[in-house]
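When a ligand or atom number is given, it counts from 1 through the structure's own listing order. Sequence positions, counted from 1, serve as the residue numbers for this chain. Atom set for the values below is all heavy atoms of this structure, side chains included, hydrogens, waters and symmetry mates excluded.
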Amino acid sequence: MASQPTADPGAIDLDQLDLTDPQTFLEQELPPMWRRFREQSPVHWHPTEGLMPGFWVLSRYRDVMAVYRDNRTFTSEKGNVLTTLLQGGDSASGKMLAVTDGVRHREIRNLLLKAFAPRVLEPVVEGVRRRTERLVRTAVERGACDFAQDVAEHIPMATIADLLGVPESDRGYLLTLTKQALSAEEAGQSVEESLIARNELLLYFADLAEDRRAEPTEDVVSALATATIDGEPLTEEEIVFNCYSLILGGDETSRLSMICGMRELIEHPVQWKRLRAGDVTVESAVEEVLRWVTPAMHFGRRAVVDTEIGGTRIKAGDIVTMWNTAANYDDAVFAEPDVFDLGRTPNKHVSFGYGPHFCLGAYLGRAEIHAMLTALRTMVTEAELTGPGRPIHSNFLHGYSSLPVSLTPDQAGLARSRTA
Ligand code: HEM
């Protein structure tokens with residue numbers, strides 16, 4: 001976060017900031033911008049142009065938590081990110097966990113929670129550890145790499161494929177579709193091509209679910225395909241949208257956390273030394289990377305009834321956005337929030353949200369960052385940036401799609417890893 005281009009924070013006019021424009025997040029230095037919001041207009045009305053409605057912007061930790069906590073007053077069913085909220089809704093509403101509320105949300109979440117039980121996750125996490133170690137080892141042996149493309153990109157998708165039980169032979173195809181479906185802009189393709197890829201993904205999961213219904217195994221697709229609620233199976237749409245949601249939820253967020261984690265370790269050599277020396281635990285380092293990076297910058301809701309937040313009246317139907325990237329730097333909760341401190345405790349960041357929609361993949365996301373930090377501290381003595389990196393263009397996610405680095409090997413750690 002501290003690495004964003006700097007604008008003079010004293011000159012920020014909050015009414016001139018356009019939080020729907022990805023460019024804003026590249027031009028502004030975020031911690032001072034959010035400090036200004038918290039101090040001057042903690043429950044801020046953000047107008048939009050044309051026919052789109054405006055929306056509320058929450059930047060204080062306590063207000064963000066209050067909205068996350070209460071899905072009766074603030075629903076996700078009209079969308080849970082600015083883009084869909086402003087468009088008026090999400091096509092997966094009422095079927096996909098993240099945009100479903102009420103009884104159905106609890107029922108499907110309970111099913112998925114069972115499918116995320118330690119018994120299922122144990123081999124998946126072991127796979128994360130082995131894959132990450134191998135990728136980092138190869139990069140260190142070469143001495144230089146694009147940490148985004150050569151290392152981080154290969155971890156979360158493979159993890160989700162393990163979790164879903166996608167056969168090895170289909171993974172290349174799935175990866176191509178996911179890339180086309182999710183990053184139309186970067187891949188330089190049309191919106192139509194991206195829609196086609198999305199449909200093919202849904203069809204792929206419909207087929208896989210049918211196979212698993214006939215012959216279930218210990219994976220998430222089998223769990224969804226064979227589950228019943230009050231004697232009724234899930235609908236095909238519920239099954240495929242929820243498979244798809246794990247890709248949506250689990251790929252980019254984890255990838256960006258790892259890439260930014262690498263970058264911040266380079267930018268903060270004293271913290272890197274603490275991690276290498278074992279002065280801080282890898283567990284607390286994982287939490288500070290998550291707080292500092294805040295890969296999912298915001299989520300949002302719609303108010304169902306007239307209500308109030310921090311003394312400001314909110315009308316039924318209003319869009320409310322919770323800025324994790326602001327809450328995680330709120331000095332009412334975090335001592336010296338602008339200091340990157342891998343030993344920070346307590347560290348109750350909101351990077352995984354809070355309450356009924358708390359991230360289902362938090363355990364896995366943490367395991368991925370843990371595996372990366374462990375591999376780096378074992379096999380690398382020094383790391384340097386060899387180019388500026390390419391920041392992604394988004395008002396929702398924060399991070400880099402390219403990060404060229406050089407890595408100096410720790411020969412003893414490398415040798416241990418080769419023989420392990
Ligand atoms: C929900 C962040 C990794 C699957 C969420 C939410 C946040 C979040 C903030 C709450 C959304 C809301 O309240 O509207 C992150 C971050 C991750 C990560 C920062 C990585 C560092 C994962 C992974 C998976 C996953 C690895 C799956 C394998 C989900 C799902 C939900 C969710 C299914 C919806 C839960 C519900 O609505 O009940 N995530 N996530 N996430 N996440 Fe994650």
Side-chain angles (χ1 to χ4, degrees), residues 64-65 67-71 74-82 84-85 90 92-102 104-113 115-116 120-121 124-125 127-128 152 155-166 219-221 224 238 241-261 286-287 289-302 320-325 327-328 349-373 396-399:
V64 165
M65 294 288 269
V67 175
Y68 270 129
R69 189 181 290 129
D70 182 0
N71 70 337
F74 301 101
T75 182
S76 300
E77 296 215 328
K78 306 280 183 214
N80 72 339
V81 291
L82 253 180
T84 48
L85 284 160
D90 190 309
S93 170
K95 295 162 219 148
M96 187 167 94
L97 201 60
V99 284
T100 300
D101 272 311
R104 200 61 181 166
H105 174 257
R106 270 199 305 281
E107 289 170 344
I108 298 181
R109 189 168 163 104
N110 283 343
L111 273 181
L112 278 168
L113 279 174
F116 274 68
V120 183
L121 287 188
V124 176
V125 169
V128 168
I155 299 165
M157 267 305 292
T159 309
I160 295 161
D162 283 349
L163 190 74
L164 290 167
V166 173
D219 57 51
V220 172
V221 177
L224 287 169
E238 282 175 329
F241 273 127
N242 281 298
C243 290
Y244 186 47
S245 89
L246 298 180
I247 294 183
L248 283 180
D251 178 32
E252 215 166 354
T253 44
S254 302
R255 176 150 43 91
L256 296 173
S257 311
M258 285 188 269
I259 300 165
C260 290
V286 168
E287 298 310 313
V289 165
L290 281 162
R291 180 189 78 88
W292 188 259
V293 173
T294 317
M297 291 193 287
H298 81 265
F299 274 97
R301 304 287 190 257
R302 238 177 222 269
V320 177
T321 53
M322 301 84 85
W323 291 85
N324 299 336
T325 184
N328 277 344
H349 61 76
V350 287
S351 295
F352 289 120
Y354 183 70
H357 287 279
F358 179 78
C359 177
L360 203 70
Y363 181 77
L364 268 189
R366 287 183 161 120
E368 288 170 328
I369 304 169
H370 192 286
M372 184 205 74
L373 295 180
F396 169 49
L397 296 174
H398 164 78

Asker: Can you figure out which of Ser351, Gly300, Gly353, Gly361 has its heavy atom closest to atom 2 (C) of ligand 1?
Answerer: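 Nearest option to atom 2 (C) of ligand 1, by heavy atoms: Ser351.
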Asker: Can you list the atoms of ligand 1 that are under 4.0 Å from a heavy atom of Tyr68?
Answerer: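 That gives atoms 13 (O) of ligand 1.
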Asker: Enter the distance from Ser254:OG to Ile259:CD1 here, rounded to the nearest 0.5 Å.
Answerer: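 Going from OG on Ser254 over to CD1 on Ile259, the span is 10.5 Å.
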Asker: N/O of His357 under 3.5 Å from N/O of ligand 1, yes or no?
Answerer: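 Right, the criterion is met.
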Asker: Consider ligand 1: state whether an atom of it lies below 4.0 angstrom from any non-hydrogen atom of Arg366.
Answerer: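 In this structure, Arg366 fails to qualify as a contact of ligand 1 - no heavy atom is under 4.0 Å.
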Asker: Tell me if a side-chain donor or acceptor on Arg291 pairs with a main-chain N or O of Asn328 at a distance below 3.5 Å.
Answerer: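 It does hold such a pair.
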Asker: Please report which non-hydrogen protein atom sits nearest to atom 34 (C) of ligand 1, along with the residue it belongs to and the distance in Å to one decimal place.
Answerer: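 Answer for atom 34 (C) of ligand 1: Ala98 CB, 3.9 Å.
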Asker: Can an N or O of Ser76 be found at a distance shorter than 3.5 Å from an N or O of ligand 1?
Answerer: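 Between Ser76 and ligand 1 (N or O atoms, distance only) the closest approach is not under 3.5 Å.
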Asker: Within a radius of less than 6.0 Å around OH of Tyr363, do more than 12 heavy atoms belonging to other residues, nucleotides or ligands occur?
Answerer: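 For Tyr363, atom OH is not crowded (no more than 12 foreign heavy atoms under 6.0 Å).
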Asker: Can you name the closest pair of heavy atoms from Leu360 and Leu112 and give their distance?
Answerer: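 So the two residues come closest at CD2-CB, 3.7 Å.
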Asker: What is the minimum heavy-atom distance between Leu397 and Met297, and which atoms define it?
Answerer: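 For Leu397 and Met297, the tightest heavy-atom pair comes out as O-CE, 3.6 Å.
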Asker: Under 3.5 Å, N or O to N or O, is Ser245 touching ligand 1 that way?
Answerer: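 No, no N or O pair falls under 3.5 Å.
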Asker: Quick one: look at Leu97 and ligand 1, take heavy-atom pairs under 4.0 Å, and tell me if it's side chain, backbone, both or neither.
Answerer: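 Answer for Leu97: both.
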Asker: Enter the distance from His298:NE2 to Leu85:CG here, rounded to the nearest 0.5 Å.
Answerer: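 Reported to 0.5 Å precision, the distance equals 7.0 Å.
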Asker: Is Ser254 in contact with ligand 1, taking contact as a heavy-atom separation below 4.0 Å?
Answerer: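 Yes.
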Asker: Could you check atom 13 (O) of ligand 1 against the protein and tell me its nearest heavy-atom contact, residue, atom and distance included?
Answerer: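 Result for atom 13 (O) of ligand 1: Arg301 NH2, 2.7 Å.
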Asker: Going by distance only, is there an N or O of Glu368 that falls short of 3.5 Å from an N or O of ligand 1?
Answerer: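 Not met; the criterion fails.
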Asker: Atom 30 (C) of ligand 1: which protein heavy atom is closest, and how many Å away?
Answerer: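 Among all protein heavy atoms, the one nearest atom 30 (C) of ligand 1 is Leu360 CB, 3.9 Å.
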Asker: Quick one: look at Phe299 and ligand 1, take heavy-atom pairs under 4.0 Å, and tell me if it's side chain, backbone, both or neither.
Answerer: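 The answer is the side chain of Phe299.
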Asker: Give the atoms of ligand 1, by number and element, whose distance to some non-hydrogen atom of Leu290 is under 4.0 Å.
Answerer: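 So the atoms of ligand 1 that pass are 21 (C).
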Asker: What atoms of ligand 1 come closer than 4.0 angstrom to any heavy atom of His105?
Answerer: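 In order of number, 36 (C), 37 (O), 38 (O).
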Asker: Which is closest to atom 3 (C) of ligand 1 in terms of heavy atoms, Val350, Thr253, Val124?
Answerer: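 Comparing heavy atoms across Val350, Thr253, Val124, the nearest one to atom 3 (C) of ligand 1 lies in Thr253.
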Asker: Using a 4.0 Å cut-off to any heavy atom of Pro295, which atoms of ligand 1 qualify?
Answerer: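 Result: 19 (C).
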Asker: Please work out whether any backbone atom (N, CA, C, O) or any side-chain heavy atom from C-beta onward of Asn242 is under 4.0 Å from ligand 1, and answer side chain, backbone, both or neither.
Answerer: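 Neither part.
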Asker: Using only atom types and a distance under 3.5 Å, with no angle test, would you say the side chain of Asp219 pairs donor to acceptor with the backbone of Asp162?
Answerer: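 The answer is no, because no donor-acceptor pair under 3.5 Å joins these two groups.
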Asker: Of Pro156, Ala296, Gly79, Cys359, which has the heavy atom at the shortest distance from atom 39 (N) of ligand 1?
Answerer: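 It is Cys359 whose heavy atom sits nearest to atom 39 (N) of ligand 1.
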Asker: Would you say Asp251 contacts ligand 1, with heavy atoms under 4.0 Å as the rule?
Answerer: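 Not so, Asp251 does not reach ligand 1.
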Asker: Does any N or O in the side chain of His349 come within less than 3.5 Å of the main-chain N or O of Leu290, such that one atom is a donor and the other an acceptor?
Answerer: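 No, the answer is negative, given that no donor and acceptor are paired below the 3.5 Å cut-off.
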Asker: For ligand 1, which atoms sit closer than 4.0 Å to a heavy atom of Ser257?
Answerer: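 Listed by number with element, the hits are 21 (C).
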Asker: Tell me: protein heavy atom nearest atom 22 (C) of ligand 1, and distance?
Answerer: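 Ranked first by proximity to atom 22 (C) of ligand 1 is Gly249 O, 3.4 Å.
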Asker: Looking at Tyr68 and Pro356, what are the two nearest heavy atoms and their distance?
Answerer: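 Of all heavy-atom pairs spanning Tyr68 and Pro356, the closest is O-CD, 3.4 Å.
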Asker: Write out the residue and atom name of the closest protein heavy atom to atom 26 (C) of ligand 1, then the distance separating them to 0.1 Å.
Answerer: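 Scanning the protein heavy atoms, the shortest distance from atom 26 (C) of ligand 1 goes to Gly250 CA, 3.5 Å.
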Asker: Return the minimal non-hydrogen interatomic distance between Arg104 and Gly94, and the atom names on each side.
Answerer: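 Heavy atoms only, the tightest pair is CG-O, 4.5 Å.
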Asker: For a quick check under 3.5 Å, do Thr294 and Asn324 share a side-chain donor-acceptor pair by atom type?
Answerer: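 Short answer, no.
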Asker: For Arg109, is at least one N or O under 3.5 Å away from an N or O on ligand 1?
Answerer: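 Such a contact does occur with ligand 1.
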Asker: Of all heavy-atom pairs between His357 and Thr100, which one has the smallest distance, and what is that distance?
Answerer: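 Distance-wise, the nearest heavy atoms are CE1-O, 3.1 Å.
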Asker: What's the spacing between Asn242 CG and Glu238 CD if we round to 0.5 Å?
Answerer: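 Atom-to-atom, Asn242:CG and Glu238:CD are 7.0 Å apart.
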Asker: Return yes when Met322 approaches ligand 1 closer than 4.0 angstrom through a heavy atom, no otherwise.
Answerer: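 Contact check Met322 vs ligand 1: negative.
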Asker: Please report the interatomic distance CE(Met157) to OG1(Thr159), rounded to the nearest 0.5 Å.
Answerer: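 The OG1 atom of Thr159 is 9.5 Å from CE of Met157, to the nearest 0.5 Å.
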Asker: Hydrogens and angles aside, do Asn71 and Ser76 bring a side-chain donor and acceptor to less than 3.5 Å of each other?
Answerer: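 Per modelled atom types, Asn71 and Ser76 side chains form no pair under 3.5 Å.
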Asker: With atoms numbered from 1 as shown, which atoms in ligand 1 lie under 4.0 angstrom from a non-hydrogen atom of Asn80?
Answerer: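 Listed by number with element: 14 (O).
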Asker: Tell me, which protein residue and heavy-atom name are nearest atom 6 (C) of ligand 1, and how many Å apart are they?
Answerer: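 Looking only at protein heavy atoms, the one closest to atom 6 (C) of ligand 1 is Phe352 O, 3.8 Å.
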Asker: Quick check on Pro356 - does any of its heavy atoms sit under 4.0 Å from an atom of ligand 1?
Answerer: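 Yes, Pro356 has a heavy atom closer than 4.0 Å to ligand 1.
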Asker: So how far is it from Leu246 CG to Phe241 CZ, rounded to the nearest 0.5 Å?
Answerer: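 So the gap between those two atoms works out to 13.5 Å.
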